[in-house]
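This report concerns only the one structure given below.
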Amino acid sequence: LEMLVVLVLIGLLAAFALPRVGKSLPGLQLRTAARQVAATFRYAAQRAMSEQAPYAVYFDVDDASVMLAPLDTVSRIPSRPTPLSGKAPAVLDQWQLPDTIQLVVPLDQRLPSNGTDYAVFFHPAGGGSGGAVRVAASSGRQMEVSVDFITSDTAIREVEDH
């Protein structure tokens with residue numbers, strides 16, 4: 001009898017807790033997507049400096065995908081020969097955002113873009129093109145991930161009004 005009462009209590013607590021957990025899932029996915037974009041920026045900056053070769057993080061808005069690659073595989077700008085020419089893979093990392101998260105780019109029209117595609121470049125000296133992208137949840141909530149063009153420092157912030 002005691003065991004039955006405990007199971008009923010656990011069932012009632014679970015019935016109240018599960019809807020709250022389900023409501024927090026989109027916010028968690030949004031924060032995770034923003035952190036993953038920021039980590040990709042940091043990794044690109046680190047690779048560019050350590051290998052002394054330009055890298056780019058490329059965004060495909062229609063496909064909601066992100067790709068990290070050496071600059072010559074993303075851009076039409078010819079690359080300079082580097083010590084690792086021919087050794088580095090064409091694409092180092094490629095991933096897609098969850099279906100509930102969308103990319104919103106570019107925020108600065110002066111940066112490289114062709115409308116639905118966007119790239120942030122990282123130079124061997126530590127700087128880059130700079131820029132920012134937003135990840136947006138289906139609820140309308142957005143987070144911005146920005147990269148400083150001089151230091152390549154990455155910052156994440158929640159966008160208040162969009």
Side-chain angles (χ1 to χ4, degrees), residues 14 17-51 53-77 79 82 84 87-162:
L18 285 178
R20 291 177 186 232
V21 171
K23 288 180 183 177
S24 67
L25 189 59
L28 181 62
Q29 286 179 329
L30 180 65
R31 286 190 301 277
T32 301
R35 288 182 183 139
Q36 195 170 8
V37 169
T40 304
F41 282 153
R42 290 183 191 111
Y43 185 51
Q46 180 266 329
R47 289 291 295 241
M49 288 186 288
S50 68
E51 296 178 7
Y55 276 83
V57 178
Y58 176 80
F59 298 91
D60 185 339
V61 175
D62 295 333
D63 195 30
S65 65
V66 180
M67 179 178 70
L68 167 64
L71 187 57
D72 60 330
T73 64
V74 173
S75 171
R76 293 194 176 133
I77 301 169
S79 65
T82 65
L84 296 176
K87 296 180 185 174
V91 176
L92 295 175
D93 189 20
Q94 186 169 11
W95 51 274
Q96 196 162 4
L97 292 167
D99 292 338
T100 58
I101 306 295
Q102 297 176 334
L103 278 170
V104 181
V105 296
L107 297 177
D108 185 344
Q109 295 297 327
R110 296 171 293 156
L111 295 176
S113 170
N114 68 6
T116 60
D117 298 332
Y118 180 72
V120 176
F121 303 108
F122 295 89
H123 303 299
S129 66
V133 296
R134 288 185 183 175
V135 287
S138 53
S139 65
R141 216 172 129 203
Q142 294 186 2
M143 296 190 85
E144 180 179 292
V145 183
S146 59
V147 178
D148 184 81
F149 74 97
I150 296 175
T151 62
S152 294
D153 285 341
T154 304
I156 302 173
R157 72 175 184 90
E158 187 157 355
V159 177
E160 295 299 323
D161 46 19
H162 23 259

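This structure is a prediction, so every number in the text was calculated from the model and none was measured. By convention here, the first residue in the shown sequence is residue 1.
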Taking side chain to side chain donor-acceptor pair (under 3.5 Å) as the definition, give me every residue that meets it alongside [X], ordered by chain and number, with sequence neighbours left out.
X: Arg157; answer: Glu144
X: Gln96; answer: Asp63
X: Glu158; answer: Arg141

Open item on the list: Parallel, tilted or perpendicular: which one describes the rings of Phe59 and Tyr118, with boundaries at 30° and 60°?
Closed with: tilted
Minimum-distance pair of heavy atoms, taken over all atoms of [X] and [Y]:
X: Thr40; Y: Val66; result: CG2-CG1, 4.2 Å
X: Val145; Y: Ala34; result: CG2-O, 3.5 Å
X: His123; Y: Ser129; result: NE2-N, 4.3 Å
X: Phe122; Y: Ala44; result: CD1-CB, 3.6 Å

Between [X] and [Y], is any pair of side-chain heavy atoms under 4.5 Å apart?
X: Met143; Y: Ile156; answer: yes
X: Pro54; Y: Pro70; answer: no
X: Val37; Y: Trp95; answer: yes

Task: With Ala136 via side chain to side chain contact (heavy atoms under 4.5 Å, CB included) - residues at least two apart - done: Val104, Gln142
Task: With sequence neighbours excluded, residues passing side chain to side chain contact (heavy atoms under 4.5 Å, CB included) with Gln46 - done: Tyr43, Ser50
Open item on the list: For the CD atom on Gln102, are there more than 12 heavy atoms of other groups (residues, nucleotides or ligands in this structure) within a distance under 6.0 Å?
Closed with: no
- [ ] Report the distance from atom CD of Gln36 to atom CD1 of Ile101, rounding to the nearest 0.5 Å.
- [x] 11.0 Å
TODO: Find the distance between CG (Leu68) and CD (Gln94) and round it off to the nearest 0.5 Å.
DONE: 10.5 Å
Side-chain donor-acceptor contacts of residues 147-154 below 3.5 Å, not counting sequence neighbours, with atom names and distances?
| residue | atom | partner | partner atom | Å |
| --- | --- | --- | --- | --- |
| Asp148 | OD2 | Ile150 | N | 2.9 |
| Asp148 | OD2 | Thr151 | N | 2.9 |
| Asp148 | OD2 | Thr151 | OG1 | 3.1 |
| Thr151 | OG1 | Asp153 | N | 3.3 |
| Thr151 | OG1 | Asp153 | OD2 | 3.2 |
| Ser152 | OG | Gly126 | O | 2.7 |

